[in-house]
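Only a predicted model underlies this, so the values are computations on that prediction, with no experimental measurement involved. All values below come from the heavy atoms of this structure, side chains included, with hydrogens, waters and symmetry mates left out.
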Amino acid sequence: MSHSHTGSAGFDPVALAARYAAPIFLIVLVALFALAEPRFMHPLNLMNILRQVSIMGLIAIGMTFVILTAGIDLSVGSIVALTGLVAAYVAKGGLDDRFAIGAAEQAGNPVFLAILAALAVGALCGSIQGAAVTRLKVPPFVVTLGGLTAFRGLALIFSGGGPISGFSPNYVWWGQGRIEGVPVPVIVFVVVAVIAHIVLKTTRFGLHVYATGGNAAAAELNGVPVRRTTFLVYVIVGVLSGLASFLLSARLNSAEAVAGLQLELDVIAAVVIGGTSLFGGAGSIFGTVVGVLLIGVLRNGLVLMNVSSFVQQILIGVILVLAVAVDQRAALRGADR
Amino acid sequence: MTDVLQLTGISKHFGAIEALMGVDLAIAPGEVVGLMGDNGAGKSTLCRIIAGRFTPSTGTVRLDGKEMHFRRPSEAREAGIEMVHQDLALCDNLSAALNVFLGRELTMGVGPLRFLNKRAMQAKAAELFAELKSETRPGDLVKQMSGGQRQAVAIARTRLSEPRIVLLDEPTAAISVRQVAEVLDLIRRLKDAGIAVILISHRTPDVFAVCERVAVLRRGTKVADKPIAETSPEEVTGLITGAVESA
Ligand SMILES: Nc1ncnc2c1ncn2[C@@H]1O[C@H](COP(=O)(O)OP(=O)(O)OP(=O)(O)O)[C@@H](O)[C@H]1O
Ligand SMILES: [Mg+2]
């Protein structure tokens, strides 16, 4: 039985190619880098790519829910800054010895409290924005643009200008540790991706996310709780931003108010490259994972080949536009994900 | 009192537009009423009020003699009122089966761990489409469907529950002669099951084929409400256009 909400359209090679454009391109890209640069396929490098994309990928999963409802969240980078500081603050039990390495071991709180705090503040940020979108009827672009500046401002005030660094080994393990050689953030990313996929494709809530993005008015007429669904997707992206931020602070052994600057751009690019429509109603977690990997592979391969980061930016921009162009053609042909 | 639905003095204005002015209408169980009128006469607005999509500016809606104040369509649906909306209210990005069950999805699982039972929804939707003699395949995306297939999806929805009242807002506007016959047949079956039906249509032959009463709206006012046996297509056409003042 298919796990898709969407039906079969018969065999159409062009539509099929358009539908799988991102995965095909990812495979081609990996093959090209493998040929051009032997170091690329080294297992350590591949694991490195996964580690690098996992934190951005977690947020991209949340962003997929939001974009599926035809929304957008520009504030994720700022939520990352704020929630990372909150996690660090809780772990350290205050700001008194903000730089003291290992101080948390004596004075601070257990790591799970730091994680909970990051998730809770992320959820709160998402709730505020979700409420503004659903109750005040302010367009998501505007609401989260406000969030982008407001949460960053909050983070700057909260941090008092400097980083909070030096956590307990238990804390740092979440960012730097490995299980059977696999970095912990990668494991978290994979687990969250699998859960998100199941939620979207097999639950009522997931169906309601697609219905809200497909035709909110029709969904509402049929008794779909459109407002609640819309509210929840902003909470989800907030929570996942909090989780990602905790992992980031653990990896860097530091949290600061300038963390996650312009992260929203990478995240949205990954989701859109992965084939999720900005108009809502079409897209998948699988696509987003591919989009996230594409950006990670491109960055990593180009660095290995000594291509400047400016050229990387240009390439990602071009791919983004191409991905949407392919998608539009697919839409015109009636193909769907 | 035997009427299942009773509207009294229903008015509705949208800003300066008076869509309905003091409309009364009553329906008994198993009765089929044709609701006719020119474009913009207020037919859809009246049915949307019954179905909880709009609240009336003034007037009351009674179901089995009990005054109802629906705040949203799902409340009306729970009270036993199903409606096929003129715009069909479909999500193009979902399959036919999921559209049929939207808002009333079948799930399986234990406790809070519940998952969509897509297999059951597909099977039930296939059954409903077969009953409507429609070629609609439950797994197809609504986006790719013809006007008639889309209409079948919207009509199939009304068959999920055991409604008291079914409101059909131009259910035959986009479909073939053969499918029109199926819809008219369905209406007769609803009637036999004791369900009250309001059929909005611009097609006089359809109304004369299945309805026992016809009500005509003109610019928001009810200008006629009489048994089909006591009127003629010519009179009804005159009432709609205003050539006949009222009857
Ligand atoms: N949501 C709305 N907002 C403002 N005006 C509305 C709204 N819905 C209907 N109207 C107005 O109310 C009047 C009646 O519209 P309604 O849709 O009930 O007509 P109708 O009889 O169903 O016509 P048709 O045969 O074209 O479907 C029209 O003048 C229309 O412009
Ligand atoms: Mg109408």
Side-chain angles (χ1 to χ4, degrees), chain A residues 1-10 12 15 19 67-70 195 197-229 275-284 327 330-337, chain B residues 48 51-54 72-78 82-109 112-123 125 136-145 150 153-154 157-158 160-161:
Chain A
M1 180 185 144
S2 158
H3 278 304
S4 170
H5 285 319
T6 55
S8 56
D12 178 350
R19 182 171 176 172
I67 295 182
L68 278 173
T69 66
I195 294 173
H197 172 83
I198 292 170
V199 167
L200 267 184
K201 295 299 182 184
T202 71
T203 69
R204 291 185 76 187
F205 171 72
L207 177 62
H208 292 168
V209 168
Y210 280 93
T212 299
N215 186 344
E220 181 112 52
L221 274 182
N222 286 292
V224 171
V226 169
R227 271 205 208 172
R228 192 174 74 205
T229 306
T276 296
S277 165
L278 283 169
F279 300 111
S284 66
D327 225 44
L332 286 180
R333 295 181 66 97
D336 200 279
R337 303 162 187 278
Chain B
R48 285 169 187 174
R53 187 165 164 182
F54 294 153
R72 57 184 73 90
S74 50
E75 289 181 3
R77 180 182 266 176
E78 260 155 49
E82 289 281 348
M83 175 161 180
V84 174
H85 296 275
Q86 189 166 11
D87 52 21
L88 303 182
L90 301 174
C91 288
D92 276 1
N93 59 330
L94 301 179
S95 70
L98 287 171
N99 263 286
V100 169
F101 282 90
L102 196 57
R104 294 184 275 194
E105 300 84 2
L106 303 179
T107 57
M108 53 190 175
L113 264 186
R114 302 210 69 82
F115 301 96
L116 294 172
N117 191 347
K118 291 188 183 173
R119 198 184 296 260
M121 289 191 275
Q122 292 247 348
T136 311
R137 287 184 301 270
D140 282 3
L141 285 186
V142 165
K143 186 188 312 194
Q144 300 156 350
M145 291 185 173
R150 297 167 65 89
V153 174
R157 273 178 185 160
T158 63
L160 281 186
S161 59

Q | chain A contacts, top residue of Arg77(B), Arg104(B), Arg114(B) (heavy-atom pairs, under 4.5 Å) | A | Arg77(B)
**Q.** Smallest separation among heavy atoms of Lys201(A) and Lys118(B), with atom names
**A.** O-NZ, 2.9 Å
Q) If you take all heavy atoms of Ala89(B) and Ala218(A), which pair is closest and at what distance? A) C-CB, 3.3 Å
Q. At a heavy-atom separation under 4.5 Å, does Ala211(A) approach chain B through its side chain, its backbone, both, or neither?
A. both
**Q.** Heavy-atom pair count under 4.5 Å with chain A, highest-scoring of Pro138(B), Gly109(B), Pro73(B), Gly52(B)
**A.** Pro73(B)
**Q.** Most contacts with chain B, counted as non-hydrogen pairs under 4.5 angstrom, among Val224(A), Leu221(A), Thr212(A)
**A.** Leu221(A)
Q: Rounded to the nearest 0.5 Å, what's the gap from CG on Leu90(B) to CG on Asn222(A)? Could you check?
A: 8.0 Å
Q. About how many Å separate CE of Met121(B) and CG of Leu207(A), when rounded to the nearest 0.5 Å?
A. 7.0 Å
Q.
Quick check for you: to the nearest 0.5 Å, what is the distance between Glu220(A) atom CD and Arg72(B) atom CZ?
A. 8.5 Å
Q. Taking all atoms of both residues into account, what is the closest heavy-atom pair of Leu94(B) and Tyr210(A), and its distance?
A. CD2-CB, 3.9 Å
Q. Is it the side chain or the backbone of Arg157(B) that comes within 4.5 Å of chain A heavy atoms, both, or neither?
A. side chain
Q) Going from CG on Asn215(A) to CG on Asp87(B), what distance comes out if it is rounded to the nearest 0.5 angstrom? A) 8.0 Å
